[in-house]
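Every number for a ligand or one of its atoms is a count from 1 in the order of the listing.
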Amino acid sequence: MEKFKKLGLSQNTIESLRKKGYEEPTPIQEKIIPLLLKEEKDVIGQAQTGTGKTAAFGLPLIEKVSCKSKKVQALILTPTRELAIQVAEEINSLKGKKKLNIAPIYGGQSIELQLRKLRKGVQIVVGTPGRIMDHLNRGSLKINELSYFILDEADEMLNMGFLEDIEEILRHTNENKRVWLFSATMPDKILAIVKKYMRNYEFVKVSKEHLATDLTDQIYFEVRESDKFEALCRIIDVEPEFYGLVFCRTKVKVEEVANRLIDRGYDAEALHGDISQYQRERILNKFKKRRINILVATDVAARGLDISDLTHVINYSLPEDPNFYVHRIGRTGRAGKEGTAITFVTPSEYRRLVYIKKVSKSRIRKEKLPEVSQIINAKIERLKGDIMELMEEGQHRSYIRIAEKILDDKDPVEVLSALLKYSFNGEFEESSYSEIKEVSINKQGKTRLFIAKGKSSGMDRDKIIDFIQSKTGLKSLHIKDIRVFDNFSFLTVPFEEAEIILRYFKKHKRGKRPLVDKAKDKRKDS
Ligand code: ADP
Ligand code: MG
């Protein structure tokens, strides 16, 4: 508590922090809270998911917003309905005795209810862009006397295409307000907003080294695409208590993986953009209450989920964007608890892994998948544990007669073995598990690139190098084996450089094929 006291918070909020059981501020809270309390400035706060950004701006808001006026003094925009509710709840739970009205305003909730709340007078509104605009258009929400305009999870807001809505909402606000922006990552798109709407701002960043992800053990397994599902099952099976998120890149994959898990008897559900808001809440609730222990999700669907205590985050497929990797794994290893992030890497994904490792400065070590014998042992141990528990509780008593009847005068080991075979139908036999083949990944770490420019467009070796450097901004290129032909050229560079080059040209391609691409086998110049 001492550390919270030093930040300049009132006795009232200190008391509610105590009640909530927050013992000390997180790094971003420690940096942001005194700043927001002392200075009337625009502020950008960047720290990874799960680092307590809500309270970092929520606590100063509680101190600053006046309960004498019933006007809306702060508007917080969040990308999803759950987040609006979560943020409103967090602030509500921290306000202590102060008579503040905080209202979440989101699509899906009855508009009548919201109209009533707004009419009564609300000082802090937490909303999703769509519904906020509805109320602005109806005239039921006035935001022209704001003290604070807050964008929470700004990166997600932009990813979800809310830029225009945000700008529209901003047009309804007064000039002289503070803008606070919070985000886990800072892509260029955000900096563009910052330039346009924020002046004289302070940028506060908590870099990765101080973060909870240090508690996340990051490992990867090399598997073929077709063995990924089997590998996933092994990982879940070998854990005594698996409670995790499995990330796939597309909703088709999410559906496929979730359905296969369910077919095999796992307690899993799928979460993606096509799932109705109602279903989504039902699924999340089940997951939070641990009635299911596996949630298969897309990046978008998993945004902003505040679920702690995950034992595992699994990257079933690697994300395109290294920020997503950081974001995904930030969901485990939270609040002082250890977690494991597991990534499946196929030979063709290896280059991206190297790139992600480099950009996110992560330590990701390679491990071998659990062997079938380990899985069987883990299952036997679990069965033994369950049986012992049943016996301790005496729940087996009513079966003793039946046991005696079946046993007769036969050997108990023989009978039990037969019963196991009968009940578990091969689950303890190695032959019932599919084999996972070893993969060989080319780790020489180099990629051959094809460039659709050659002598006919005035290229030579130096010009090719200049061309790539000037486009990608790469200062030092480690090029080998440049070959310049009439209409095209080839060169070889290390994985990390290749990834940066390929990304640039994929993003800036004009025709069908990027100007620089991975060399295909038949195009090889040897
Ligand atoms: P972010 O917005 O950075 O992703 P949240 O604000 O959602 O993070 O906080 C993540 C979790 O950490 C929440 O469950 C929150 O209640 C908890 N939390 C926040 N601050 C503290 C703190 N100082 N001590 C303990 N838990 C905290
Ligand atoms: Mg947040």
Going by atom types alone, do [X] and [Y] pair a side-chain donor with an acceptor below 3.5 Å?
X    : Y    : value
R131 : Q109 : no
T13  : S10  : yes
S147 : K64  : no
Y325 : Q218 : yes
K288 : N285 : no
E167 : Y197 : yes

Under-4.0 Å heavy-atom contact with ligand 1, by part of F4 that carries it: side chain
Evaluate [X] for polar contact with ligand 1, using N/O atom pairs at a separation under 3.5 Å.
X   : value
K20 : no
T51 : yes
E23 : no
T54 : yes
G52 : yes

Distance under 4.0 Å to a non-hydrogen atom of [X]: what atoms of ligand 1 satisfy this?
X    : result
Q48  : 3 (O)
E24  : 22 (C), 23 (N), 24 (N)
E153 : 2 (O)
T49  : 4 (O)

Using a cut-off of 2.8 Å, find all protein N, O or S atoms closer to the Mg ion (ligand 2) than that distance. E153 OE2
Here the gap from E255 atom CD to T250 atom OG1, rounded to the nearest 0.5 Å, amounts to 10.0 Å
How long is the straight-line distance from CG of N200 back to CD of E40, given to the nearest 0.5 Å? 12.0 Å
Under a 4.0 Å threshold between the charged nitrogen and the carboxylate oxygen, would D237 count as salt-bridged to R234? no
Taking salt bridge (Lys or Arg N to Asp or Glu O under 4.0 Å) as the test, write out the residues that go with E496, two or more places apart. K358
For E269, which of R291, R280, K286, Q279 qualifies under side chain to side chain donor-acceptor pair (under 3.5 Å)? K286
